[in-house]
Amino acid sequence: MFDALSEKLQETLAGVRERGTLTEADVDAAMREIRLALLEADVNFKVVKQFTSTVKERCRGEEVIGHLNPGQQVVKIVNEELATLMGGSGRDIAFSPRPPTVVLLAGLQGSGKTTAAAKLARHLRVEHDSSVALAACDVYRPAAVEQLVTMGGRAKADVYEQGTDADPVEIARWARERAQREGKDVLIVDTSGRLHVDEELMRELADVRAAIKPHAILLVVDAMTGQDAVNVAEQFAETVAFDGVVMTKLDGDARGGAALSVKAVTGKPILYASTGEKLDQFERFHPDRMAQRILGMGDVLTFIEKAESISDERQAAELERKLRKAEFTLEDFLSQLKQVRRMGPLSSVLGMIPGFAAAKELRGMKVDEREIDRVEAIILSMTPEERRRPELIKGSRRLRIARGSGTSVQAVNQLVKQFGQMRKLMRQLGQGKMPDLGALMRQAGR
Ligand SMILES: Nc1nc2c(ncn2[C@@H]2O[C@H](COP(=O)(O)OP(=O)(O)O)[C@@H](O)[C@H]2O)c(=O)[nH]1
Ligand SMILES: [Mg+2]
């Protein structure tokens, strides 16, 4: 998703970034291109207009024009405004202090409610360790109850159902009581949809809402329907005040218009994104990360989360302390290398780091895993003392390490030298300066 938009915005911003100074005409030209790119992505035209005028105003106000490194500033502004457009930072539903937290799902027929109900149940079980029950309140289609029973089973959630003869409001009320009695943390209520927003649907939703007083109402919308999805959301917002959106079928939506417009039009953020038919193709929606991804700035937080999931927190804190004090040794470097490797092929990991993903000359670059093997071998051939104090590595030590690792004295020299540079860089980092990773890579490649 967002592929075409992403490419166009990156192209435009790369042009801006390369300029030394920016004139007002440069900014205007860039805004025109951004406007076109957003319109082509099927973003609501009013939203586009508002977006570009905000960005332009900020560019003027923050003295981008004539400023040192103005291109970076423009990219930063576009990034922030894109994130704001989609709702700021991502969050989960708010849990009630008195369980069960009741979540009502609403939306048109086929938007993906039943699928989302099961996915959300799984998500809450896995991420929050919640016990979840699902209530089957779509009694109009005979297969709807069965579908929820099957999918709920796969999500390891209890499904509360009374077939298709009971009244949806009664089922909802009964399910809420049962969830409380059975000590469930969360009850997710799946409702019926219609092909269009109609009065009957709205009345039924209002009745269910009045009967069970949900803590959160989520509107499920199909991203593939583009601006129709946004119009539907707008209609719902007028009658059933929902709290957030579940955007489904993002896997089938190449343009991204609905995802970019819905918050601005309805005032409600996207909380979850569904990207496939499988149960685990569902995640919290992070507007800030999405904006960065669209602009090719790398997905730093996802990267950090990935890293955190494999290294424990204490280790991470210790590492940070060392980085700040520049006590980072080759030993630490080795353990970092190992951790990074566990995260997957290096090229995909590097793609998540800003600077790497954006640098044109690095796009499509293959990281030579054998080079890393060599580095690892060299460090492994050092004594612990040498790893802590690489400045000891001279003369006969160098030869011993080269022999032990099956490399050459030059290779050992090079590693020690590069490590020295890296340390210097980390000292800067410790002082709050972000290193220019692109420049570092170019240097290393020489
Ligand atoms: N590709 C894709 N299909 C989805 C997604 N979410 C739901 N579907 C499919 O959309 C169809 C309608 O989903 P369903 O949950 O029954 O919609 P409901 O009528 O709102 O309950 C089903 O065939 C689902 O498998 C998604 O994120 N991606
Ligand atoms: Mg359904």
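Atoms within a ligand are numbered from 1 in the order they appear, just like the ligands themselves.
Among protein heavy atoms, the minimum distance from atom 18 (P) of ligand 1 is reached at Lys113 N, 3.4 Å. For atom 23 (O) of ligand 1, the nearest protein heavy atom (residue, atom name, distance) is Glu277 OE1, 4.1 Å. Looking only at heavy atoms of the protein, atom 26 (C) of ligand 1 is closest to Gly276 O, 3.2 Å. Looking only at heavy atoms of the protein, atom 1 (N) of ligand 1 is closest to Asp251 OD2, 2.8 Å. If you check which protein heavy atom lies closest to atom 17 (O) of ligand 1, you get Gly112 N, 3.0 Å. Remark: minimum distance from atom 9 (C) of ligand 1 to any protein heavy atom is reached at Lys249 CE, 4.1 Å. Protein heavy atom at the shortest distance from atom 27 (O) of ligand 1 is Ser274 OG, 2.6 Å.
One side chain, Glu204 or Tyr140, offers a donor N or O that lies under 3.5 Å from an acceptor on the other. If you check the side chains of Asp26 and Thr23, you find a donor sitting under 3.5 Å from an acceptor.
Not one N/O/S atom of Gln109, from backbone or side chain, sits under 2.8 Å from the Mg ion (ligand 2).
The shortest N or O to N or O distance between Gln147 and ligand 1 is under 3.5 Å. Checking only distances, Gly110 does come within under 3.5 Å of ligand 1, N or O to N or O. Considering both main-chain and side-chain atoms, Thr115 comes within under 3.5 Å of ligand 1 through a nitrogen or oxygen pair.
Here the side chains of Gln180 and Arg176 are in contact, with some heavy-atom distance below 4.5 Å. In this structure the side chain of Arg181 reaches within 4.5 angstrom of the side chain of Arg178, judged on heavy atoms. At least one side-chain heavy atom of Leu250 sits under 4.5 Å from a side-chain heavy atom of Asp253. Residues Val221 and Ser111 fail the side-chain proximity criterion, which asks for heavy atoms closer than 4.5 Å.
With respect to Arg173 and Glu177, no salt bridge is recorded, no charged nitrogen being found less than 4.0 Å from a carboxylate O. Glu127 and Arg284 are not joined by a salt bridge, as no carboxylate oxygen comes within less than 4.0 angstrom of a charged side-chain nitrogen.
In this structure, Glu7 places its CD atom where only 12 or fewer heavy-atom neighbours from other residues, nucleotides or ligands lie under 6.0 Å away.
Contact annotation: for Asp138 versus ligand 1, there are no heavy atoms closer than 4.0 Å. Contact annotation: for Leu250 versus ligand 1, there are no heavy atoms closer than 4.0 Å.
In this structure, CD1 on Ile171 lies 14.0 Å from OH on Tyr160, to the nearest 0.5 angstrom.
Within ligand 1, counting atoms from 1 as listed, the ones closer than 4.0 Å to a heavy atom of Leu108 are 20 (O). Near Arg141, with a cut-off below 4.0 Å to any heavy atom, the atoms of ligand 1 are 19 (O).
With Leu218 as the partner, the side-chain contact (heavy atoms from CB on, under 4.5 Å) test is satisfied by one option alone out of Leu104, Ile270, Leu120: Leu120.
Look at Ser111 and you'll find a heavy atom under 4.0 Å from some atom of ligand 1.
When the options Leu105, Asp190, Thr114 are ranked by their closest heavy atom to atom 21 (O) of ligand 1, first place goes to Thr114.
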